[in-house]
Enquirer: 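Take a look at the following structure, please.
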Protein chains: 2
Amino acid sequence: MPASAGVRRRGAVRSEEARLAVLEATGRLFATQGYDHLTIEGIAAEAGVSKQTIYRWWSSKSAVVADALIEDLLLPDRPVVPDTGDIRADLIAWMQDLLDLVAQPGNDGLVRSLVAAACESTDIGIRLNDALGITATVSARIEAAVAAGQLPADLPVIEFVRALVGGFVLHSLERSEPAPEAAERLVRALLH
Amino acid sequence: MPASAGVRRRGAVRSEEARLAVLEATGRLFATQGYDHLTIEGIAAEAGVSKQTIYRWWSSKSAVVADALIEDLLLPDRPVVPDTGDIRADLIAWMQDLLDLVAQPGNDGLVRSLVAAACESTDIGIRLNDALGITATVSARIEAAVAAGQLPADLPVIEFVRALVGGFVLHSLERSEPAPEAAERLVRALLH
DNA sequence: TTAACTGGACGCACCGTTGCGTATTATCGG
DNA sequence: CCGATAATACGCAACGGTGCGTCCAGTTAA
């Protein structure tokens with residue numbers, strides 16, 4: 001018996017190679033086909049892995065996606081909120097980056113796919129926030145502005161961020177043509 | 001040839017009975033099963049109509065849902081924004097009604113289903129706004145507040161409403177437990 | 001020895017399409 | 001005015017295709 005604690009199982013150990021292959025294949029297919037055209041069989045084929053291996057470790061498509069989300073395999077590099085001291089300008093710049101990102105070819109359906117996944121699965125819905133880095137990154141910037149006296153001290157930060165991101169999401173769902181002042185208007189709706 | 005203008009078709013005329021049966025069945029199944037568990041075959045069975053009759057007139061599941069949305073067969077009675085003269089209190093009351101509505105048993109998945117449908121289909125996404133009466137009802141109330149000098153004249157109304165509703169939607173997607181001050185906090189995030 | 005792996009097959013549900021028979025309706029010929 | 005014809009919508013039934021989730025047999029690795 002090994003010196004370390006814990007009961008050592010007998011038999012083969014889980015293949016990290018297969019695990020990663022599945023998550024990476026999920027990331028690739030998600031990017032190219034979107035969430036709703038994602039299939040377990042497609043992931044298995046793309047990963048070069050048997051379907052059974054997926055079903056052994058994940059209960060559903062959304063569980064795989066949730067894991068890929070955690071491993072940062074689903075989203076492109078996310079814009080960060082700058083900090084020039086001017087909270088309004090910073091938020092507008094960040095929102096513009098966000099809009100530019102989803103305006104890039106190939107990223108059209110990205111938001112829709114993520115939202116669709118969040119609709120289907122509680123796990124994804126919860127983890128999406130963290131994965132977007134929103135709660136962490138944006139909230140921190142807002143709280144800095146509050147500390148600097150640029151925003152009221154009793155501002156409900158979480159709800160503020162939610163409204164900001166929610167406005168962005170709805171904008172994406174409406175598939176409205178990208179107006180040049182969209183970012184500025186959205187931020188100005190919250191900061192008046 | 002008939003006196004009236006327009007080329008009169010030959011043959012049987014479209015059955016209004018069948019059309020309504022389909023849309024009403026869609027409404028019932030949508031309410032009980034949610035959007036993603038909706039199937040054409042299920043709708044046909046529930047409506048007592050052949051599958052072909054559906055495919056003859058609608059191109060996809062989302063097209064049927066979009067039509068049902070238009071005919072007001074999908075959503076329960078929607079809260080209206082009161083007008084007491086106090087814009088903040090009115091918005092809080094409205095948001096509270098909204099939260100109460102989706103908190104009712106049987107309505108848990110309502111928002112998720114609608115959002116999922118909007119993700120899948122452009123038509124639904126666009127029509128959802130109208131059907132929710134948001135653009136009309138809420139915007140009007142906001143503009144009244146602007147006219148009354150309670151909100152700045154250059155407020156981007158559409159974006160403001162989008163942020164408000166977006167905050168509500170994200171709140172629903174997160175499935176967070178219903179905090180009693182949720183409505184008040186969300187409105188206060190926008191009106192500070 | 002035991003568990004994870006691959007590969008293949010199964011039944012099921014739903015998709016979207018097609019063919020067939022029937023009912024309804026406008027148009028045309030007598 | 002009336003019957004034949006043509007065009008259309010309907011229900012019923014079946015098709016091939018796809019993906020699901022499960023199962024089994026055989027192989028590989030700790």
Enquirer: So W58(B), base contact, sugar-phosphate only, or nothing? Heavy-atom distance under 4.0 Å.
Expert: nothing
Enquirer: Less than 4.0 angstrom between a side-chain N/O of W57(A) and OP1 or OP2 of dA4(C), yes or no?
Expert: no
Enquirer: Around E181(A), counting heavy atoms of other residues, nucleotides and ligands shown, do more than 12 lie under 6.0 Å from its CD?
Expert: yes
Enquirer: Tell me whether the side-chain N/O atoms of T53(A) come closer than 4.0 Å to OP1 or OP2 in dT6(C).
Expert: yes
Enquirer: Anything under 3.5 Å between a protein N or O and an N or O of nucleotides 18-23 of chain C, put it in a table, one pair a line.
Expert:
from: dT18(C); atom 1: O4; to: Q52(B); atom 2: NE2; distance (Å): 2.9

Enquirer: What is the distance from CG of D36(B) to P of dC14(C), rounded to the nearest Å?
Expert: 13 Å
Enquirer: Kindly confirm or rule out a cation-pi arrangement of R14(A) over W57(A), judged by NZ or CZ under 6.0 Å from the six-membered ring centre and within 45° of its axis?
Expert: yes
Enquirer: Please determine, by modelled atom types, if Q96(B) and D100(B) share a side-chain donor-acceptor pair under 3.5 angstrom.
Expert: yes
Enquirer: May I have all residue pairs that pass ring-ring contact (aromatic ring centres under 6.0 Å, His included) and include part of residues 169-192 of chain B, sequence neighbours excluded?
Expert: H192(A)-H192(B)
Enquirer: Does a side chain donor of either S50(B) or Q52(B) reach within less than 3.5 Å of an acceptor in the other side chain?
Expert: yes
Enquirer: Closest-nucleotide mapping onto DNA chain D: is S50(B) or K61(A) further toward the 5' terminus? I mean the 5' end.
Expert: S50(B)
Enquirer: Please determine whether salt bridge (Lys or Arg N to Asp or Glu O under 4.0 Å) holds for the pair D154(A) and R188(B), giving the CA-CA distance in whole Å, both sets of side-chain angles, and the decisive distance to 0.1 Å.
Expert: CA-CA 9 Å; D154(A) 64 342; R188(B) 197 149 53 79; 3.6 Å; yes
Enquirer: When the side chains of residues 140-149 of chain B are checked against the rest of the protein, which donor-acceptor pairs come out under 3.5 Å, sequence neighbours left out?
Expert:
from: R141(B); atom 1: NE; to: P82(B); atom 2: O; distance (Å): 3.2
from: R141(B); atom 1: NE; to: D83(B); atom 2: OD1; distance (Å): 3.4
from: R141(B); atom 1: NE; to: D90(B); atom 2: OD2; distance (Å): 3.1
from: R141(B); atom 1: NH2; to: D83(B); atom 2: OD1; distance (Å): 3.2
from: R141(B); atom 1: NH2; to: D90(B); atom 2: OD2; distance (Å): 2.8

Enquirer: How many Å lie between CD on E17(B) and P on dC10(D), as a whole number?
Expert: 11 Å
Enquirer: Figure out the NE2/P separation between H37(A) and dC15(C), and round it to whole Å.
Expert: 14 Å
Enquirer: Rounded off to whole Å, could you give me the CZ-to-C1' distance for the R56(B) and dC12(D) pair?
Expert: 13 Å
Enquirer: Over how many whole Å does the gap from E41(A) atom CD to dA9(C) atom C1' extend?
Expert: 12 Å
Enquirer: Could you state the atom-to-atom distance from OH of Y55(A) to P of dG8(C) in whole Å?
Expert: 18 Å
Enquirer: Quick check: on DNA chain C, is the nucleotide nearest E16(A) upstream (toward 5') of the one nearest G11(A), or the reverse? Name the residue that is more 5'.
Expert: G11(A)
Enquirer: Base, sugar-phosphate, or nothing for T39(B), non-hydrogen atoms under 4.0 angstrom?
Expert: sugar-phosphate
Enquirer: dT2(C) P sits how many Å from R10(A) CZ, rounded?
Expert: 5 Å
Enquirer: Nearest whole angstrom, please: distance from the C1' of dC23(D) to the NZ of K51(A).
Expert: 11 Å
